[in-house]
Amino acid sequence: MPAKGVFRVGGLGTAVGACVLLIAGLSACGSSGKPSADASRPSASTGSPPEPSGSTGGSSTPSGSKSAAPKPSGTPERTPDPTPTPTAGLRPPPRHAGFDYQIGGAYPPPSGVRIVSRDRTAAPAPGLYNICYVNAFQVQPGEGALWPRDLVLRDGNDKAVVDGDWGEALLDIGTAAKRKRVVARINRWIDGCADKGFDAVEPDNYDSYTRSRGLLTANDATAFITLLARHAHARQLAIAQKNTVELADRRKNIGLDFAVAEECGTYDECGAYAKAFDDRVVVIEYTDSGLRKARSGFGDRLSIVRRDVMVSTPGSDDYVRKVR
């Protein structure tokens, strides 16, 4: 999802929601990028149907963007790894390398691209560094029926708390017991990324606690993403911090390896990410002015691309990709 309330897209998590809301019918929708795999983000269901499978589903937007098949009933949920795992085999993304954000739909990477981010439902790009987008903190469009009712965050009136920009219900990670259950499901998606050959995972909506009406805290978010980081590392995947610059100083204790920052040029945040992650930062801007600002200060240090908010594919009327 784009940061700061910009019409969010979100690696299937973001792009998909936006896609469904604004351009239902766009060919890019349906794979993942907040026009893409999680392309049709609905609100959470009130039932407790089967769990999602570990290899299908959608995800995001430029800041955050989704859909998985139901898991056979009776399959036990996997518990998160209790302790950190070795990271010797992990490969963080290269610094200052050509980058493309394809969460709204996969296509042949342009010349010069060395890093690409795609929805978890897509295949990695051969020969490149591949980041797998997963909507980890909110209910992906089309997946409401796959989540038990008690794992969806609810207010005092027992109504689901929803991200208004994308119509996505927040997942309830407010207790250790619920975090354990939610992470078991997300870990199956991470397993799917590893099995496909991705190099890293990008869990979207780390900042969803800021949209929780005070029901979740930053500590809840960091406790949850720490569990995701342990599992990603166990599968030899690097893991990104998606946006949420205010928590960048916690990244070493959590185990986050690099950052995916939307609109850090627009909001003068690139320096904070660069410092916290030692320049291992991929940047997505959604305006020409944001691209100019990011490049003027960090064009020789970070991996920067300008995309359209829908993160659409070439041939679409909305498609935009610029690096200068």
Side-chain angles (χ1 to χ4, degrees), residues 10-13 16-17 32 37-38 40-60 64-82 119-121 132-154 160-163 166 168-196 198 201-206 208-209 212 216 220-235 237 239-240 242:
L12 287 214
V16 171
S32 106
D38 297 329
S40 52
R41 319 182 160 197
S43 59
S45 113
T46 56
S48 304
E51 300 175 354
S53 76
S55 62
T56 61
S59 69
S60 219
S65 321
K66 311 167 154 217
S67 180
K71 173 186 174 184
S73 60
T75 303
E77 296 190 67
R78 175 184 305 151
T79 56
D81 303 314
D119 187 75
R120 67 185 178 87
T121 60
C132 188
Y133 172 94
V134 174
N135 192 4
F137 289 76
Q138 297 184 179
V139 177
Q140 186 74 16
E143 294 181 358
L146 301 178
W147 287 93
R149 190 176 190 279
D150 69 322
L151 291 185
V152 174
L153 186 66
R154 296 184 179 276
V161 177
V162 175
D163 173 351
W166 299 98
E168 295 179 351
L170 276 61
L171 292 169
D172 189 347
I173 55 171
T175 67
K178 288 191 175 182
R179 285 193 290 271
K180 181 178 180 180
R181 292 173 61 203
V182 175
V183 82
R185 291 163 166 260
I186 304 302
N187 281 348
R188 287 196 291 274
W189 297 346
I190 291 175
D191 288 340
C193 296
D195 292 344
K196 286 185 175 183
F198 281 90
V201 62
E202 170 193 346
D204 198 11
N205 294 310
Y206 182 24
S208 64
Y209 73 92
S212 72
L216 299 175
D220 294 329
T222 55
F224 181 69
I225 203 169
T226 297
L227 297 176
L228 296 179
R230 289 173 177 174
H231 189 76
H233 287 169
R235 293 305 311 267
L237 294 172
I239 184 169
K242 179 71 172 286

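In what follows, every heavy atom counts, from backbone to side chain, and hydrogens, waters and symmetry copies are set aside. Small disclaimer: the values here were computed from a predicted structure and weren't measured. In this chain, numbering begins with 1 at the start of the sequence shown.
- Pro203 has its side chain within reach of Ile239: a pair of non-hydrogen atoms, C-beta onward, lies under 4.5 Å apart.
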Evaluation steps, side-chain contact (heavy atoms from CB on, under 4.5 Å), between Ser212 and Leu153: CA-CA 8 Å; Ser212 72; Leu153 186 66; 3.8 Å; yes
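- The two atoms that bring Leu237 and Cys193 nearest to each other are CD1-CB, 4.3 Å, heavy atoms only.
- For Ala223, the side-chain contact (heavy atoms from CB on, under 4.5 Å) partners at least two apart in sequence or on another chain are Arg179.
- Legend: residues meeting side-chain contact (heavy atoms from CB on, under 4.5 Å) with Thr226, ordered by chain and number and at least two apart, are Arg230, Ile254.
- With rounding to the nearest 0.5 angstrom, the CD1 atom of Ile173 is 9.5 Å from the CG atom of Leu227.
- Residues Ala232 and Ile190 approach most closely at CA-CG2, 4.1 Å, considering heavy atoms.
- The closest side-chain heavy-atom distance from Ile186 to Phe137 is not below 4.5 Å.
- Between Asp191 and Arg235, at least one side-chain nitrogen of the basic residue sits less than 4.0 Å from a carboxylate oxygen of the acidic one, meeting the salt-bridge criterion.
- No side-chain heavy atom of Val152 sits less than 4.5 Å from a side-chain heavy atom of Asp172.
- Taking every heavy atom of both residues into account, Glu143 and Val139 meet most closely at C-CG1, 3.8 Å.
- Side-chain contact between Arg154 and Arg149: present, with at least one pair of heavy atoms (C-beta onward) separated by less than 4.5 Å.
- A donor-acceptor pair under 3.5 Å links the side-chain atoms of Arg185 to the main chain of Leu146, judged by distance alone.
- The two atoms that bring Leu171 and Leu216 nearest to each other are O-CD1, 3.8 Å, heavy atoms only.
- Using cut-offs of 30° and 60° on the angle between ring planes, the pair Trp147 and Trp189 is perpendicular.
- Qualifying side chain to side chain donor-acceptor pair (under 3.5 Å) partners for Tyr209, counting only residues two or more places apart in sequence or in other chains: Glu246.
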Does the pair His231 and Val183 meet the rule for a side-chain contact (heavy atoms from CB on, under 4.5 Å), with working shown? CA-CA 9 Å; His231 189 76; Val183 82; over 6 Å; no
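- Under the 4.0 Å criterion applied to side-chain N and carboxylate O atoms, Arg181 and Asp150 are assigned as salt-bridge partners.
- The heavy-atom pair separating Phe224 from Ala136 by the smallest distance is CE2-O, 3.6 Å.
- No side-chain heavy atom of Val162 sits under 4.5 Å from any side-chain heavy atom of Leu170.
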